[in-house]
**Student:** 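Before I ask anything, let me first share the structure, which is written out below as structure tokens.
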Amino acid sequence: KNKVINLIKKLEKIEGIKYVGPNRVYDFSNVMVSLESENNNSWAIDKIKISDVWNFTSGNKKVKIGVIDSGISLHTGLNSNLVEGYDFINQDSNANDDIVGHGTHVAGIIGGLENNDLGFFGVNSKISIVPLQVVNSEKKVDESACVEAVYYAIRSYDSNEPIEILNFSAAIYSDWPAMLSALRLYPGLFVCAAGNFGIDTVCKNCDNTGTSITIICNNTDTTKAKII
């Protein structure tokens, strides 16, 4: 630990370096879920009155939403809304090996297909979901992988198909200067979870970016849900 601290102090003195810190990881195994846990989620759809929006639109395939999470598994209720993403742990384009299930669960909320015989559906039946995998084989969120994912989305604006929305539901509450710096460069909309595990705390790194929305979720009885 002392060696790391001493190295950080030396690097911070080098001109041009804005921030130096250890690459931390956070346990994500306690949020293991399955897409089927979305079964009978129509109460939530009714609660947010999304049907009023569906009178005008049910989404647009030209809109890309990047999901910074544990990856997104291939699923009959999602496949037609999934596009190629990236695994920032293994540095390849296979971001569909979701061993935790959380990213797949989040993707189902965003863009689960209607009439799929599984009892769940998302708020957008027409959308392009980009899996951005940042959870390693030990089921831990990797900080540097999350930062890389944001810069990946920033670079997408050099193409004709930018990732215009990023969703990050891990809600890491500690100070995270590298992530905050990246988010301030991201020109799209950043959606971040808060209140995970019933904690009355917002994600510091998602706040004050200028283009962010913080969300929480409730149970059917309007109490705060434990996991987002």
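Position 1 is the first residue of the sequence, and the numbers go up from there.
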**Student:** With the side chain counted from C-beta on, respond yes when Val67 and Pro131 share a heavy-atom pair under 4.5 Å apart, and no when they do not.
**Tutor:** no
**Student:** Under a single-linkage definition using a 4.5 Å side-chain heavy-atom cutoff for Ile, Leu, Val, Met, Phe, Trp and Tyr, are Val25 and Ile89 assigned to the same hydrophobic cluster?
**Tutor:** no
**Student:** Between Asp142 (side chain only) and Ser144 (backbone N and O only), is there a donor and an acceptor less than 3.5 Å apart?
**Tutor:** yes
**Student:** Does the Asn124 side chain pair with the main chain of Ile110, one donor and one acceptor, at a distance under 3.5 Å?
**Tutor:** yes
**Student:** Answer yes or no: is there a donor N or O on one side and an acceptor on the other, between the side chain of Ser181 and the main chain of Pro177, under 3.5 Å?
**Tutor:** yes
**Student:** Just by distance, with hydrogens left out, do Tyr86 and Glu148 show a side-chain donor and acceptor under 3.5 Å apart?
**Tutor:** no
**Student:** For a quick test of reading the model, state the closest non-hydrogen atom pair linking Leu113 to Ser80 and the distance between them.
**Tutor:** CD1-OG, 3.2 Å
**Student:** Please determine whether the number of non-hydrogen atoms from other residues, nucleotides or ligands lying under 6.0 Å from atom NZ of Lys140 exceeds 12.
**Tutor:** yes
**Student:** Determine, stepwise, if the pair Glu164 / Lys64 fulfils salt bridge (charged side-chain N to carboxylate O under 4.0 Å, His left out).
**Tutor:** CA-CA 6 Å; Glu164 297 177 291; Lys64 283 190 172 184; over 6 Å; no
**Student:** Determine yes or no for a side-chain-to-main-chain donor-acceptor pair under 3.5 angstrom, with Asn90 supplying the side chain and Asp92 the backbone.
**Tutor:** no
**Student:** Is there a side-chain contact between Leu132 and Ile68 in this structure, where contact means two heavy atoms from C-beta onward sitting under 4.5 Å apart?
**Tutor:** yes
**Student:** For Gln133 and Asp98, which I'm curious about, is there any donor-acceptor pair between the side chains at under 3.5 Å?
**Tutor:** no
**Student:** Does the side chain of Ile99 come within less than 4.5 Å of Lys139's, by heavy atoms?
**Tutor:** yes
**Student:** So, for Phe88 and Gln91, which heavy atoms are closest and what is the spacing to 0.1 Å?
**Tutor:** O-NE2, 2.9 Å
**Student:** Is atom CD of Glu12 surrounded by more than 12 heavy atoms (other residues, nucleotides or ligands) closer than 6.0 Å?
**Tutor:** yes
**Student:** Return yes if some donor-acceptor pair links the side-chain N/O of Ser70 with the main-chain N/O of Val135 below 3.5 Å, else return no.
**Tutor:** no
**Student:** Given Arg155 and Tyr157, is the side chain to side chain contact (heavy atoms under 4.5 Å, CB included) satisfied, shown in steps?
**Tutor:** CA-CA 5 Å; Arg155 290 192 300 273; Tyr157 276 81; over 6 Å; no
**Student:** Got a donor-acceptor contact below 3.5 angstrom from the Asp69 side chain to the Gly103 backbone?
**Tutor:** yes
**Student:** State, yes or no, whether a side-chain contact exists between Cys146 and Val141 at a heavy-atom distance under 4.5 Å.
**Tutor:** yes
**Student:** Answer yes or no: is there a side-chain heavy-atom contact under 4.5 Å between Lys126 and Asn60?
**Tutor:** no
**Student:** Please check if the side chain of Ser128 supplies one atom and the backbone of Lys61 the other of a donor-acceptor pair under 3.5 Å.
**Tutor:** yes
**Student:** For the residue pair Val134 and Ala149, what are the closest heavy atoms and their distance?
**Tutor:** CG1-CB, 4.2 Å
**Student:** Is there a path from Val20 to Met179 through hydrophobic residues (I, L, V, M, F, W, Y) whose side chains come within less than 4.5 Å of each other?
**Tutor:** no
**Student:** Could you tell me if Asn167 and Ser169 have a donor-acceptor pair between their side chains, going purely by distance under 3.5 Å?
**Tutor:** yes
**Student:** Check the hydrophobic clustering (I, L, V, M, F, W, Y; side-chain heavy atoms under 4.5 Å; chains of links allowed) and say if Val106 and Leu189 are grouped together.
**Tutor:** yes
**Student:** Nearest 0.5 Å please: distance from the CG atom of Asn94 over to the CD atom of Glu84.
**Tutor:** 9.5 Å
**Student:** With a sphere of 6.0 Å drawn around CG of Asp27, does it hold more than 12 non-hydrogen atoms of other residues, nucleotides or ligands?
**Tutor:** yes
**Student:** What heavy-atom pair brings Asn81 and Ser125 nearest, and what distance separates the two atoms?
**Tutor:** ND2-O, 3.2 Å
**Student:** Is the distance from the ring center of Tyr186 to that of Tyr151 below 6.0 Å?
**Tutor:** no
**Student:** Same cluster or not: Leu7 versus Ile5, using hydrophobic residues (I, L, V, M, F, W, Y) connected whenever any side-chain heavy atoms lie under 4.5 Å apart?
**Tutor:** no
**Student:** Taking all non-hydrogen atoms of both residues into account, name the closest pair between Leu78 and Ser73 and its distance.
**Tutor:** CD1-O, 4.5 Å
**Student:** Would you compute the distance between atom CD1 of Ile165 and atom CD1 of Ile127 and round it to the nearest 0.5 angstrom?
**Tutor:** 6.0 Å
**Student:** Does some side-chain heavy atom of Val191 sit less than 4.5 Å from a side-chain heavy atom of Ile65?
**Tutor:** no
**Student:** Under 3.5 Å, side chain of Trp54 to main-chain N/O of Gly59, donor-acceptor pair present?
**Tutor:** no
**Student:** Can you name the nearest heavy-atom pair linking Ala182 to Val147, along with the distance?
**Tutor:** CB-CG1, 4.3 Å
**Student:** Would a distance-only check, ignoring hydrogens and angles, find a side-chain to backbone donor-acceptor pair under 3.5 Å from Asn96 to Ile72?
**Tutor:** yes
